[in-house]
Amino acid sequence: MKSFDIDGVLAKSPISAKKKWSQMNGIERRNRKAFLLTWYQYAPPLFSINEPIIAISARKNTPEITSITRQWLNKYYPNVVNFYLLNESRSIKNVVKFKSDIINKLNIEAHYEDNKKVLSGISKNINSNVKLFFWEQGMSDPIQFN
């Protein structure tokens with residue numbers, strides 16, 4: 001089975017915030033959350049895939065985001081067997097551990113990701129026979145990551 005990141009791979013990535021989360025005030029954080037909820041609901045899909053897949057995302061695992069993600073995946077990728085969302089803060093370290101753990105647990109044979117730092121971390125924490133691929137919007141084909 002193959003696994004795919006959602007934002008930047010299956011879905012167009014949301015526009016980056018102008019400030020880091022830690023530098024935002026309460027109003028800015030609420031506005032960012034509202035923006036992301038709307039984005040997750042209406043993000044354009046980036047490509048089609050016709051085989052069963054797993055989605056692994058650093059989206060925050062909250063009831064609202066889980067529901068929106070499920071609806072979006074059902075609309076654009078009905079062949080998603082299951083999806084997993086992050087339960088911790090979104091640091092590279094936490095994302096790498098989260099995605100690596102799922103890849104190992106589910107015996108994923110190939111994973112597609114748009115973040116080279118995450119791919120690098122995953123490559124150090126998974127079985128060496130798992131193929132990792134870098135892919136981002138605008139590329140015609142994913143590139144195997146070594």
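With ring centers used as reference points, Tyr77 lies under 6.0 Å from Trp72.
Residues Leu37 and Gln41 have side chains not in contact (no heavy-atom distance under 4.5 Å, counting atoms from C-beta outward). Inter-residue side-chain proximity for Tyr84 and Lys99 is flagged as unmet; no heavy-atom pair is nearer than 4.5 Å. For the pair Asn125 and Ile103, the minimum side-chain heavy-atom distance is 4.5 Å or more. Residues Ile53 and Val80 form a side-chain contact, since some pair of their non-hydrogen atoms from C-beta on lies under 4.5 Å apart. Using a 4.5 Å heavy-atom cutoff, the side chains of Asn115 and Asp5 are not in contact. No side-chain heavy atom of Asn87 sits under 4.5 Å from any side-chain heavy atom of Phe98. Side-chain contact between Leu132 and Ile126: present, with at least one pair of heavy atoms (C-beta onward) separated by less than 4.5 Å. Between Ile56 and Glu113 there is no side-chain heavy-atom pair separated by less than 4.5 Å.
Around CD of Glu64, the count of heavy atoms belonging to other residues, nucleotides or ligands within 6.0 Å does not exceed 12. At most 12 non-hydrogen atoms from other residues, nucleotides or ligands lie less than 6.0 angstrom from NZ of Lys97.
When atom types are taken as modelled, the side chain of Asn94 and the backbone of Arg90 share no donor-acceptor pair closer than 3.5 angstrom. Side chain of Asn79 to main chain of Ile49: a donor-acceptor pair is present (N/O by atom type, distance under 3.5 Å, no hydrogens or angles). Listed for the Ser123 side chain is a donor-acceptor partner under 3.5 Å among the backbone atoms of Ser120. Side chain of Lys60 to backbone of Glu88: a donor-acceptor contact under 3.5 angstrom is found.
Using a 4.5 Å cut-off between side-chain heavy atoms of Ile, Leu, Val, Met, Phe, Trp and Tyr, with links allowed through other members, Trp39 and Tyr42 fall into different hydrophobic clusters. Under the 4.5 Å side-chain contact rule for hydrophobic residues, Trp135 and Val130 share a cluster. Hydrophobic clustering keeps Met24 apart from Phe35 (ILVMFWY residues linked when any side-chain heavy atoms are closer than 4.5 Å, directly or through intermediates). Both Ile15 and Ile68 are assigned to one and the same hydrophobic cluster, defined by single-linkage of ILVMFWY side chains at heavy-atom distances under 4.5 Å.
Across all their heavy atoms, Ile122 and Val96 have their closest contact at N-CG1, 3.7 Å. In terms of heavy atoms, Met1 sits closest to Pro52 at SD-O, 3.6 Å. Closest heavy-atom contact between Ala11 and Leu46: O-CD1, 3.4 Å. The nearest pair of heavy atoms linking Asp114 to Gly8 is OD2-CA, 3.4 Å.
Considering CD1 of Ile108 and CG of Asn127, their distance stands at 12.5 Å, rounded to 0.5 Å. Here OH of Tyr112 is found 15.5 Å from CD of Glu136. Values are rounded to the nearest 0.5 Å. Rounding to the nearest 0.5 Å gives a distance of 11.0 Å between OG of Ser48 and CG of Leu10. For the atom pair CZ (Arg29) and NZ (Lys19), the distance works out to 10.5 Å, reported to the nearest 0.5 Å. Distance CD/Glu109 to NZ/Lys2: 7.0 Å, rounded to 0.5 Å.
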Run Leu36 and Ile65 through side-chain contact (heavy atoms from CB on, under 4.5 Å) and show every step you take.
CA-CA 9 Å; Leu36 288 174; Ile65 291 173; over 6 Å; no
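Remark: Lys116 fails to qualify as a cation-pi partner of Phe145 under the 6.0 Å distance and 45° angle criteria applied to the six-membered ring.
Using cut-offs of 30° and 60° for the angle between ring planes, the Phe47 and Phe4 rings count as tilted.
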